There are 2 protein chains.
Amino acid sequence: MALDHAILVSLTERAASGYDLARRFDASIGYFWPASHQQIYRVLARMQEAGWVESTVQEQDGRPDKKTYAITPAGEAELDRWSATPSGREAVRSDFAVKLRGFRDRDAILADTRARRADHVARLTEYEASEARFYPDPSALDGADLGAWLALRGGIHTERRGIEWCDEILTALEGPGSR
Amino acid sequence: MALDHAILVSLTERAASGYDLARRFDASIGYFWPASHQQIYRVLARMQEAGWVESTVQEQDGRPDKKTYAITPAGEAELDRWSATPSGREAVRSDFAVKLRGFRDRDAILADTRARRADHVARLTEYEASEARFYPDPSALDGADLGAWLALRGGIHTERRGIEWCDEILTALEGPGSR
DNA sequence: TTCCCCATGTAAATGGTTACATGATTAT
DNA sequence: ATAATCATGTAACCATTTACATGGGGAA
């Protein structure tokens with residue numbers, strides 16, 4: 001049920017349509033909890049029935065109508081409840097680690113590793129740009145901004161360790177055997 | 001479909017019953033791809049129909065019968081095919097990051113962070129013990145052992161960055177505001 | 001006598017992915 | 001012309017989680 005809460009968190013930052021949320025989930029909060037528009041529409045419908053969000057329809061000319069969702073007091077209460085609930089250990093699921101563990105095709109692993117490294121570098125660059133732009137002075141942050149910055153820091157740590165790991169794999173596999 | 005491959009990898013290391021696999025998935029390969037016994041039994045049944053594994057029943061006295069599964073040549077071929085397929089970017093889903101981002105209850109976040117830190121330390125200790133015990137001389141490794149060691153290294157990196165992140169959060173939240 | 005280990009599953013519910021569906025506007 | 005963007009969804013499928021179900025043996 002955590003997509004519910006990710007959407008609620010996003011709505012506390014600003015009311016949005018399903019479409020808007022889908023774009024936010026392509027970046028920003030979606031880095032910690034990816035979701036497709038189909039899923040988002042379904043969860044919004046469910047949460048509206050539960051009374052956690054409410055929608056207002058805006059007509060637009062030359063564009064389809066837009067349903068803007070906002071969080072309700074009941075939704076805020078649910079977020080409070082959820083925030084105070086201890087979160088359990090998170091499952092790690094890595095295709096790549098399983099593939100490494102079942103080591104078969106050295107060249108495929110090398111290719112995969114190089115592609116992953118490039119992905120990590122690209123994302124790290126994005127994160128670092130965000131940090132420099134939005135949080136130039138972390139010591140001045142508090143509340144929601146502090147939380148958002150700390151979440152971003154988590155992303156930065158994740159990408160850095162991903163790069164380190166890739167480099168270790170490349171060193172181990174490209175080394176003596178490859179020449 | 002990656003539980004299929006995780007099970008196949010585990011079976012190449014040694015034939016096993018569903019029960020044995022469930023225990024392996026509580027540790028070892030389960031650190032990279034967790035799975036419950038229920039799921040394992042269902043996937044084994046499906047893979048047997050597909051011809052990727054075969055089973056032999058062993059009677060035991062004073063214990064229930066045991067079905068031991070082994071990988072077949074078709075299963076090996078499937079593993080080869082899968083190993084040569086590039087793996088896409090892996091989804092990160094973190095409840096905790098969403099909670100941080102939606103910063104509400106500072107004390108709950110502190111408690112969560114301390115609990116997470118303790119989990120990371122515990123798992124890192126396990127990983128480091130495994131490394132010292134099974135891979136004391138990494139430069140001597142090759143093939144399957146090299147892959148298993150590199151996967152373990154990934155785990156070690158993950159836990160270390162988890163600890164770093166927690167420490168950063170604790171520093172930011174325990175600091176000035178708490179006294 | 002109570003709990004954990006061995007050993008196998010089925011069933012229901014929830015969550016996530018992929019494919020399908022529609023239709024107007026704007027930029028190349 | 002073609003593709004991308006805005007805007008909303010439904011439906012089918014696949015994977016994961018949680019609850020239910022059974023039953024003997026050994027240890028505290």
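Below, chain A is the first sequence line, B the second, and so on; all start at residue 1. Since we're looking at a predicted model, the values are computed, not measured.
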With a cut-off of 3.5 Å and sequence neighbours excluded, list every side-chain donor-acceptor pair involving residues 46-54 of chain A.
unit_1	atom_1	unit_2	atom_2	d
R46(A)	NH1	D4(A)	OD1	3.2
R46(A)	NH1	D4(A)	OD2	2.8
Q48(A)	NE2	S55(A)	OG	2.8

Rounded to whole Å, how long is the line connecting atom [atom1] of [X] with atom [atom2] of [N]?
X      : N       : atom1 : atom2 : answer
L44(A) : dG9(D)  : CG    : C1'   : 12 Å
R42(B) : dA7(C)  : CZ    : P     : 22 Å
Q48(B) : dT8(C)  : CD    : P     : 12 Å
D65(B) : dG9(C)  : CG    : C1'   : 14 Å
M47(B) : dA15(D) : CE    : C1'   : 14 Å
K67(B) : dA7(C)  : NZ    : P     : 14 Å
E59(A) : dC6(D)  : CD    : C1'   : 16 Å
E90(B) : dG16(C) : CD    : C1'   : 16 Å

Any side-chain heavy-atom pair of R116(B) and E90(A) under 4.5 Å: yes

Note, F103(A) side chain near L173(A) side chain (heavy atom, < 4.5 Å): yes

Geometric class of the Y127(B)/F32(B) ring pair [parallel <30°, tilted 30-60°, perpendicular >60°]: parallel

Of Q60(B) and A2(A), the one whose closest DNA chain C nucleotide lies more 5': Q60(B)

Residues that A108(A) engages under side-chain contact (heavy atoms from CB on, under 4.5 Å), provided they are two or more places apart: D105(A)

Y41(B) side-chain proximity, nearest of dA7(C), dT17(D), dA7(D): dA7(C)

Nearest-nucleotide pick for K66(A), side chain only, options being dA7(D), dG9(D), dG9(C): dA7(D)

ILVMFWY clustering at 4.5 Å (side-chain atoms), partners of V57(B): none

Residues in contact with DNA chain C, drawn from residues 14-25 of chain A - heavy-atom cutoff 4.0 Å: none

Side chain to side chain donor-acceptor pair (under 3.5 Å) partners of T125(A), counting only residues at least two apart: none

What does the list of N/O pairs under 3.5 Å between the protein and nucleotides 18-23 of chain D look like, with a distance for each?
unit_1	atom_1	unit_2	atom_2	d
dA19(D)	N6	Q38(B)	NE2	2.9

H157(A): which of R161(B), R160(B), E168(B) passes side chain to side chain donor-acceptor pair (under 3.5 Å): E168(B)

N/O (side chain, W33(B)) to phosphate O (OP1/OP2, dA15(D)) under 4.0 Å: no

D20(A) side-chain N/O to S17(A) backbone N/O, donor-acceptor pair under 3.5 Å: yes

